[in-house]
Amino acid sequence: MRLLMGIVLAASAWSRANAQGAPEFVTKRGVKLNEIQVLGSHNSYAQPVDPKLLAVVEPILGKLMSGVTAKMPPAQAALFKEEHPNEVTFAEALNYHHPDLTTQLNAGLRSLEIDVNPDPEGGRFVDPAGYRALRAKGVQDLAPHNMAGLEQPGFKVLHVPDIDFRSHCPTFKGCLAEIKAWSEAHPQHVPLYIMLEAKSQAIPIFPGATQVAPFDAKAFDALDAEILSVLGRNRLITPDDVRGTYDTLRQAVLAKNWPTLEAARGKVIFLMITANGTASTGPYLEGHASLKGRVAFLRAEPGDDHAAFLMYDNAVVRAEEIQKFVQAGYLVRTRSDIETYEAKANDLSRAKAAFSSGAQVVSTDFFRPGNSYGTPYVVQLPGGGVARCNPVVRAACQ
């Protein structure tokens with residue numbers, strides 16, 4: 001009876017703490033948000049490509065991608081090979097299955113990745129050319145395409161126009177609203193690290209292919225405004241919050257001027273990359289030196305004035321650099337698996353390298369058991385939970 005009563009009392013205490021919004025990861029006071037490590041998902045919004053469409057696309061893209069690096073400048077080709085180290089087919093690269101954002105957050109992920117595509121007039125992605133081409137050939141029973149809000153102006157969330165366009169939340173505002181609702185229901189959550197990929201590229205292999213809009217300064221202004229319109233300024237951690245009185249964001253980062261975990265609870269930090277890498281970041285910096293007044297941190301090189309967020313997806317190759325830059329104070333994202341190769345091979349070596357590197361955000365496509373390859377491959381944060389002390393700067397956390 002005493003044991004049963006103890007269990008009941010413990011459960012009751014947990015329920016009260018949970019209802020009061022007890023912190024979900026507790027460590028010593030003064031720990032900063034760059035001194036922890038979290039697990040996230042890659043292309044978090046994505047639903048699988050319809051198999052009938054994939055069967056048509058696969059051989060075409062295989063030919064297009066053959067020898068693609070030979071056409072690139074040497075530095076770009078080297079980076080491409082580093083970030084895409086495995087020989088995989090297009091179908092294999094997309095062979096992952098994510099639930100909706102709320103389910104992922106409830107499962108303990110504290111980083112999500114969202115691809116945003118400009119659609120200033122609205123309606124640009126309502127009628128994908130891939131589906132249109134298949135229907136013209138009499139193909140029926142295509143996987144549902146969620147068109148909620150696609151006719152309205154604003155950013156749309158999808159991977160590749162006309163091909164890989166199925167999304168749990170097809171509008172960026174819809175994704176943000178879902179994140180906000182979850183955050184409000186869990187006010188003491190570890191800060192959410194939201195990866196944003198600003199995209200303005202298409203693969204026009206079908207007649208009447210979607211014409212993408214450029215990601216210019218006007219589009220970036222609209223992106224910031226859309227984030228603020230849904231989440232509000234108080235829920236965000238922005239470059240201005242980190243820069244403080246320092247002249248540049250980089251100086252603030254090297255001085256470890258990140259907010260504490262206590263101050264960052266319940267908040268969201270946006271880390272942005274662009275489809276063409278740092279070559280496309282200029283418009284986001286125009287008139288915003290060192291990201292002054294901007295909402296998101298921008299992928300940078302360590303010497304840049306706006307450098308706070310770095311991305312080294314290949315932790316096997318970049319382990320030493322990642323550790324060095326994490327110790328210096330930067331935020332880093334890396335990946336535990338790239339284009340599903342590790343799940344297919346049931347190889348956790350990249351995941352181990354990623355966690356050991358100290359990158360604050362480790363992204364995976366396989367955070368729960370079960371995959372299409374039938375292997376036991378699954379990636380979880382070492383020790384469990386939603387966050388852990390960063391292994392590279394552990395002394396600051398424990």
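Note that this is a predicted model, so its numbers are computed, not measured.
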Student: Mind listing the side-chain donor-acceptor pairs of residues 203-215 below 3.5 Å, one per line with the distance, residues two or more places apart or on another chain?
Tutor:
residue	atom	partner	partner atom	Å
Thr210	OG1	Asp162	OD1	2.7
Thr210	OG1	Asp162	OD2	3.4
Gln211	NE2	Ala209	O	3.3

Student: Check the pair Asn43, Tyr96 against side-chain hydrogen bond (donor to acceptor under 3.5 Å, both in side chains), reporting the backbone distance first and the verdict last.
Tutor: CA-CA 10 Å; Asn43 288 350; Tyr96 52 85; 3.0 Å; yes
Student: Rounded to the nearest 0.5 Å, what's the gap from CZ on Phe367 to OG on Ser111? Could you check?
Tutor: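 Here the interatomic distance stands at 12.0 Å.
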Student: Does the plane of the ring in Trp182 sit parallel, tilted or perpendicular to the ring in His186? Use 30° and 60° as the thresholds.
Tutor: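 Trp182 vs His186 ring planes: parallel.
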Student: Could you see if Leu94 belongs to whatever hydrophobic cluster contains Tyr373? Use Ile, Leu, Val, Met, Phe, Trp, Tyr and a side-chain cutoff under 4.5 Å.
Tutor: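 No, Leu94 and Tyr373 fall in different hydrophobic clusters.
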Student: How long is the span from the SG atom in Cys175 to the CG atom in Leu101, to the nearest 0.5 Å?
Tutor: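 CG of Leu101 is found 5.5 Å from SG of Cys175.
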Student: Return the minimal non-hydrogen interatomic distance between Lys180 and Leu231, and the atom names on each side.
Tutor: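 Minimum heavy-atom separation between Lys180 and Leu231: CB-CD2, 3.6 Å.
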Student: Can you check side-chain hydrogen bond (donor to acceptor under 3.5 Å, both in side chains) on His189 and Ser183, steps first, answer last?
Tutor: CA-CA 7 Å; His189 67 76; Ser183 178; 2.7 Å; yes
Student: Quick one: do Val361 and Val316 end up in the same hydrophobic cluster if we chain Ile, Leu, Val, Met, Phe, Trp and Tyr together by side-chain heavy atoms under 4.5 Å apart?
Tutor: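 Each belongs to a different hydrophobic cluster.
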Student: Does this structure show an ion pair linking Asp221 with Lys218, if we count only N-O contacts that are shorter than 4.0 Å?
Tutor: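 Between Lys218 and Asp221 there is no salt bridge, as every charged N stays at least 4.0 Å from the carboxylate O atoms.
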Student: Yes or no on side-chain hydrogen bond (donor to acceptor under 3.5 Å, both in side chains) for His98 and Gln104, after CA distance, side-chain angles and deciding distance?
Tutor: CA-CA 8 Å; His98 292 322; Gln104 293 181 55; 4.7 Å; no
Student: Checking side-chain polar atoms at under 3.5 Å, does Arg233 have a donor or acceptor matched by the opposite partner on Thr238?
Tutor: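 Yes, Thr238 and Arg233 have a side-chain donor paired with an acceptor closer than 3.5 Å.
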Student: Within the 4.5 Å heavy-atom criterion, are Arg333 and Phe309 side-chain neighbours or not?
Tutor: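 The answer is yes, as the side chains (C-beta and beyond) meet within the 4.5 Å cut-off.
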Student: As an exercise, state the distance from CG of Leu150 to CG of Leu158, rounded to the nearest 0.5 Å.
Tutor: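 Answer rounded to 0.5 Å: 8.5 Å.
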Student: Establish, from distance only, whether the side-chain atoms of Asp100 and Thr103 form a donor-acceptor pair under 3.5 Å.
Tutor: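 A donor-acceptor contact under 3.5 Å links the two side chains.
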Student: Does Lys352 have more than 12 heavy atoms from other residues, nucleotides or ligands lying within 6.0 Å of its NZ?
Tutor: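 Result for NZ/Lys352: open.
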Student: Less than 4.0 Å between a side-chain N and a carboxylate O, is that true for Glu83 and Arg335?
Tutor: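 A salt bridge is absent here (no side-chain N lies under 4.0 Å from a carboxylate O).
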Student: Side-chain heavy atoms nearer than 4.5 Å, only ILVMFWY residues, links allowed to pass through others: does that put Leu381 and Val378 together?
Tutor: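 In one cluster: no.
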Student: Taking all heavy atoms of Gln360 and all of Asn390, pick out the closest pair and write down the distance.
Tutor: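 Nearest heavy atoms, Gln360 then Asn390: CG-ND2, 3.9 Å.
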Student: Could you give me the CA-CA distance, side-chain angles and deciding distance for Thr375 and Asn371, then say whether side-chain hydrogen bond (donor to acceptor under 3.5 Å, both in side chains) is met?
Tutor: CA-CA 7 Å; Thr375 69; Asn371 61 65; 3.0 Å; yes
Student: If you measure from the Lys or Arg side-chain nitrogens to the Asp or Glu carboxylate oxygens, is any gap between Lys324 and Glu321 under 4.0 Å?
Tutor: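 Glu321 and Lys324: not salt-bridged.
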Student: With Ala315, which residues qualify under side-chain contact (heavy atoms from CB on, under 4.5 Å), at least two apart?
Tutor: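 With sequence neighbours excluded, Ala315 shows a side-chain contact (heavy atoms from CB on, under 4.5 Å) to Ile322, Thr334, Ala353, Ala354, given in chain and number order.
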Student: Just wondering, more than 12 heavy atoms not from Glu184 lying within 6.0 Å of its CD?
Tutor: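 Above 12, so yes.
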Student: Without hydrogens or angle criteria, can the side chains of Glu178 and Thr102 be said to hold a donor-acceptor pair below 3.5 Å?
Tutor: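 Side-chain D/A pair, Glu178 to Thr102: present.
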Student: Please check if the distance between the ring centroids of His159 and Phe165 is under 6.0 Å.
Tutor: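 No, the ring of His159 stays outside the 6.0 Å limit from the ring of Phe165, centre to centre.
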Student: Check Lys292 with Asp305, please: is the shortest side-chain N to carboxylate O separation under 4.0 Å?
Tutor: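 Looking at Asp305 and Lys292, the cut-off is not met.
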Student: So which heavy atom on His145 is nearest to which on Val126, and how close?
Tutor: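 Looking at all heavy atoms of both residues, the closest pair is CE1-O, 3.4 Å.
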Student: Look at Lys256 together with Glu35 and state whether they make a salt bridge at an N to O cut-off of under 4.0 Å.
Tutor: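 Here Lys256 does not pair with Glu35 in a salt bridge, since their nearest N and O are not under 4.0 Å apart.
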Student: Determine the minimum heavy-atom distance between Gly329 and Trp258, stating which atoms define it.
Tutor: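 Closest approach of Gly329 to Trp258: O-NE1, 2.7 Å.
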Student: Which atom names give the shortest non-hydrogen contact between Glu82 and Asn314, and what distance separates them?
Tutor: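 Answer, listing the atom of Glu82 first, then Asn314: O-ND2, 2.8 Å.
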Student: Might you point out which heavy atoms bring Asp50 and Asp141 nearest each other, and give the distance in Å?
Tutor: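 In this case the closest contact between Asp50 and Asp141 is OD2-O, 4.2 Å.
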Student: What I want to find out is whether Asp304 reaches Arg250 closely enough, with some N-O distance under 4.0 Å, to be called a salt bridge.
Tutor: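 No salt bridge links Asp304 with Arg250.
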Student: More than 12 heavy atoms of other residues, nucleotides or ligands under 6.0 Å from CZ of Phe25: is that the case?
Tutor: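 Above 12, so yes.
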Student: The test is side chain to side chain contact (heavy atoms under 4.5 Å, CB included); show your working for Phe220 and Met272 and say whether it passes.
Tutor: CA-CA 11 Å; Phe220 280 123; Met272 185 158 61; 3.8 Å; yes
Student: Quick check on Lys137: does its NZ atom have over 12 non-hydrogen neighbours (other residues, nucleotides or ligands) under 6.0 Å away?
Tutor: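 Open: at most 12 neighbouring heavy atoms sit under 6.0 Å from NZ of Lys137.
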Student: Salt-bridged, Asp127 to Arg132, with N to O below 4.0 Å?
Tutor: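 Salt bridge between Asp127 and Arg132, a charged N being under 4.0 Å from a carboxylate O: yes.
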Student: Once rounded to the nearest 0.5 Å, what's the spacing between atom CG of Leu331 and atom CZ of Phe297?
Tutor: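 Rounded to the nearest 0.5 Å, the CG-CZ separation comes out at 7.0 Å.
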Student: Do Arg265 and Glu262 sit within salt-bridge range, that is, some charged N less than 4.0 Å from a carboxylate O?
Tutor: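 Not counted as a salt bridge, because no side-chain N and carboxylate O are separated by less than 4.0 Å.
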Student: How many angstroms lie between OG in Ser336 and CZ in Arg350, if you round to the nearest 0.5 Å?
Tutor: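 The OG atom of Ser336 sits 9.0 Å away from the CZ atom of Arg350.
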Student: When the aromatic ring centroids of His306 and Tyr284 are compared, is their separation below 6.0 Å?
Tutor: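 Ring centroids of His306 and Tyr284 are no less than 6.0 Å from each other.
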Student: So, does Glu339 use its side chain to make a donor-acceptor pair with the main chain of Glu92 at under 3.5 Å?
Tutor: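 No; zero donor-acceptor contacts below 3.5 Å.
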Student: If you group Ile, Leu, Val, Met, Phe, Trp and Tyr by side-chain heavy-atom gaps below 4.5 Å, do Ile338 and Phe366 land in one group?
Tutor: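 No: no chain of side-chain contacts under 4.5 Å links Ile338 to Phe366.
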Student: Calculate, to the nearest 0.5 Å, the distance between atoms OH and CZ belonging to Tyr193 and Arg110 respectively.
Tutor: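 Output value for this atom pair is 11.5 Å.
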